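Quick one: this structure, given as structure tokens, is what I'll be asking you about.
All chains are named by letter (A, B, ...) in the order of the sequence lines, taking the proteins before the strands, and each is independently numbered beginning at 1. Side-chain atoms are counted along with the backbone in the values below, which use heavy atoms only and exclude waters and symmetry mates. Every value quoted in this text rests on a predicted model; they were computed, and no experiment measured them.
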Protein chains: 2
Amino acid sequence: MKTIVIDDDIYAHLLGHTQEIGESATSILRRLLGLNTQSARTSSDVQETFDFLKLPELFRHMNNSQRFLFILSWAFRKHEKDFAKVVSIEGNRRKYFARDLETLQKSGSSVNPRQIPDSPFWVITNNSTAKKCEMLSDVFRLLGYQPEDISAMLRIALRP
Amino acid sequence: MKTIVIDDDIYAHLLGHTQEIGESATSILRRLLGLNTQSARTSSDVQETFDFLKLPELFRHMNNSQRFLFILSWAFRKHEKDFAKVVSIEGNRRKYFARDLETLQKSGSSVNPRQIPDSPFWVITNNSTAKKCEMLSDVFRLLGYQPEDISAMLRIALRP
DNA sequence: GATTCGATCGGAGGGATAGTTA
DNA sequence: TCTAACTATCCCTCCGATCGAA
């Protein structure tokens, strides 16, 4: 453990990103800086890889659509550099991801596009839960995650 | 200035992003977190009283109804002993709170009752946002909070 | 009148599934 | 023709502003 001194506004910024009451500075920073507990050890535990699974309090008040968007938002934050890859995920006619609303709207009707929170990307949303799972699978596969980890995560993260 | 304690690996990570010899932790963090401007913010009293306001990350993914229920759930956890008082909050005909679904259903039509998460209490939900605010006001007044604190909290917690 | 209360109903959101296409 | 994958219609639930009743 180390002790550091920081300006008040930085401190306030950290507080503003608390996700659990009483969350430690370390925990907040770990999330904001996109650091897994990798440094400690690479664990195959799903909760280590997908650290948002450690926030059941947050998830239990969300429906599948909100979770879907939240997970994508997390993925963007964690893989800002690589995330653009996801625009290659698409159907026969519909685009699933895009940098702008119009691209999605033009690619189909009633696609129900939503912006991925805190990102410049948009997703379509008019899909069954099964399809949402496939889409998330594709996203995380592209980002380099293992199939077993992904499906384990989805089983926890999305309601049947 | 604030002092925080962080894990060694986070500290190492910060050191690894030093751009000048002897650069301060604050300076590194400011860069890594994308905060260029100094915007010192004073921590509010309201956030101390209603500590769930420190969880904007959670709240921003919720709609007013979910927030309404979440706040009631928080109030129950915090005042488990006194919470039963809230059943005295009611309209002319409708019951607003009860220990069971039926009481609420019988007291009106389409009251849209929901269980307050992790509590044995139920609330009606078919109300305008303004009415939801009044209900929360009444709850917290009964629980001994100050009117100014309550309305300050509501201004933050429920979307207009 | 003025104000509070109730609950109808329009609108949005969610997503299963029927229908279509490859 | 059959099957698998994809699309988007459409029903249902949820939300809560608004208007009529008290």
Side-chain angles (χ1 to χ4, degrees), chain A residues 59-73 86-98 101-117 122-139 141 154-155 157-160, chain B residues 59-73 86-98 101-117 122-139 141 154-155 157-160:
Chain A
F59 259 56
R60 58 193 299 253
H61 298 282
M62 291 165 98
N63 62 35
N64 276 345
S65 255
Q66 293 169 320
R67 292 164 184 221
F68 178 71
L69 291 172
F70 179 83
I71 294 170
L72 289 172
S73 177
V86 303
V87 300
S88 67
I89 303 171
E90 54 186 48
N92 292 335
R93 201 171 336 136
R94 286 156 137 195
K95 304 282 178 202
Y96 291 171
F97 295 88
L101 175 59
E102 293 70 28
T103 305
L104 298 182
Q105 285 176 329
K106 281 189 309 187
S107 79
S109 67
S110 307
V111 289
N112 212 0
R114 299 273 177 273
Q115 184 158 20
I116 299 173
W122 294 71
V123 220
I124 69 169
T125 268
N126 182 4
N127 277 311
S128 63
T129 301
K131 186 72 184 177
K132 290 197 183 82
C133 284
E134 287 172 37
M135 288 169 68
L136 290 178
S137 279
D138 291 345
V139 166
R141 199 177 26 70
L154 289 176
R155 238 172 290 128
L158 289 201
R159 295 207 188 95
Chain B
F59 259 56
R60 57 195 297 255
H61 298 282
M62 291 165 97
N63 62 36
N64 275 345
S65 255
Q66 292 170 321
R67 292 164 184 220
F68 178 71
L69 291 172
F70 180 81
I71 292 169
L72 288 172
S73 178
V86 303
V87 300
S88 67
I89 304 171
E90 54 187 47
N92 293 336
R93 205 172 331 137
R94 287 156 137 194
K95 304 280 179 203
Y96 291 171
F97 294 88
L101 176 58
E102 293 71 27
T103 304
L104 298 181
Q105 284 175 330
K106 280 190 308 188
S107 79
S109 67
S110 306
V111 289
N112 211 359
R114 298 273 178 272
Q115 184 158 18
I116 298 174
W122 294 69
V123 220
I124 70 169
T125 270
N126 184 5
N127 277 311
S128 64
T129 301
K131 187 74 184 173
K132 290 197 182 86
C133 284
E134 287 172 36
M135 290 170 67
L136 290 178
S137 278
D138 291 345
V139 167
R141 197 176 28 71
L154 289 176
R155 238 172 290 129
L158 288 201
R159 294 206 189 96

Fill in: Spacing between B:Asn127 atom CG and C:dT4 atom P, to the nearest angstrom
15 Å
Discussion item. What is the distance, to the nearest angstrom, from the NZ atom on B:Lys95 to the P atom on C:dC5?
Written reply: 14 Å
Worksheet item: So does B:Lys131 get a side-chain nitrogen or oxygen closer than 4.0 Å to the phosphate oxygens (OP1/OP2) of D:dG16?
Response: no
Fill in: Interatomic distance, B:Leu158 CG vs D:dG16 P [rounded to whole Å]
9 Å
Discussion item. Expressed as a whole number of angstroms, how long is the span from A:Phe68:CZ to C:dA16:P?
Written reply: 13 Å
Fill in: side-chain N/O A:Thr129 vs C:dA16 OP1/OP2, d < 4.0 Å
yes
Fill in: For the student: nearest non-hydrogen atoms of A:His61 and B:Gln66, plus distance
O-NE2, 3.0 Å
Discussion item. I need the minimum non-hydrogen distance between B:Arg94 and B:Gly108, along with the two atoms involved.
Written reply: CG-CA, 4.5 Å
Item to complete: Determine: side-chain N/O of A:Arg159 to OP1/OP2 of C:dG15, distance under 4.0 Å, yes or no.
Response: no
Discussion item. Considering every strand and a 4.0 Å limit on heavy-atom distances, what is the contact class for B:Ser65: base, sugar-phosphate, or nothing?
Written reply: sugar-phosphate
Worksheet entry | Euclidean distance, atom CD1 of residue B:Ile124 to atom P of D:dG16 [Å, nearest integer] | 14 Å
Fill in: Selection: residues 109-117 of chain A, any non-hydrogen atom under 4.0 Å of DNA chain D
A:Ser109, A:Ser110
Discussion item. Could you walk me through whether B:Leu136 and B:Leu72 satisfy the side chain to side chain contact (heavy atoms under 4.5 Å, CB included) test, starting with their C-alpha distance in whole Å, then the side-chain angles of each, then the deciding distance to 0.1 Å, before giving a yes or no?
Written reply: CA-CA 8 Å; B:Leu136 290 178; B:Leu72 288 172; 3.6 Å; yes
Item to complete: Begin from the C-alpha positions of A:Ile116 and A:Phe97 and carry the test side chain to side chain contact (heavy atoms under 4.5 Å, CB included) through to its verdict.
Response: CA-CA 10 Å; A:Ile116 299 173; A:Phe97 295 88; 4.2 Å; yes
Discussion item. I need the minimum non-hydrogen distance between B:Phe59 and B:Arg67, along with the two atoms involved.
Written reply: O-NH2, 2.9 Å
Item to complete: With heavy atoms under 4.0 Å as the rule, sort B:Asn92 into base, sugar-phosphate or nothing.
Response: sugar-phosphate
Practice prompt. Any chance you could lay out the side chain to side chain contact (heavy atoms under 4.5 Å, CB included) test for A:Glu134 and A:Asn127, step after step, and finish with the verdict?
Written response: CA-CA 10 Å; A:Glu134 287 172 37; A:Asn127 277 311; over 6 Å; no
Item to complete: Take atom CD1 of B:Ile89 and atom P of C:dG6, then tell me their distance rounded to the nearest Å.
Response: 13 Å
Fill in: A:Asn64 CG to C:dA16 P, straight-line distance once rounded to whole Å
8 Å
Worksheet item: Yes or no on side chain to side chain contact (heavy atoms under 4.5 Å, CB included) for A:Lys95 and A:Val87, after CA distance, side-chain angles and deciding distance?
Response: CA-CA 8 Å; A:Lys95 304 282 178 202; A:Val87 300; over 6 Å; no
Practice prompt. Ignoring backbone atoms, test whether B:Arg93 places a side-chain nitrogen or oxygen under 4.0 Å from the OP1 or OP2 oxygen of C:dA7.
Written response: yes
Worksheet item: Are OP1 or OP2 of D:dA5 and a side-chain N or O of A:Tyr96 less than 4.0 angstrom apart?
Response: no
Worksheet item: Given that A:Ser107 and B:Gln66 both sit by DNA chain D, which one's nearest nucleotide is further toward the 5' end?
Response: A:Ser107
Item to complete: Using whole Å, report how far CE of A:Met62 lies from P of D:dC14.
Response: 18 Å
Discussion item. Under 4.0 Å, heavy atoms only, any strand: does A:Ser128 hit a base, just the sugar-phosphate, or nothing?
Written reply: base
Worksheet entry | Exercise: identify the closest heavy-atom pair between A:Tyr96 and A:Met135 | CB-CE, 4.0 Å
Discussion item. If you go through the side-chain atoms of B:Arg94, does one of them form a donor-acceptor pair with the base of C:dA7 closer than 3.5 Å?
Written reply: yes
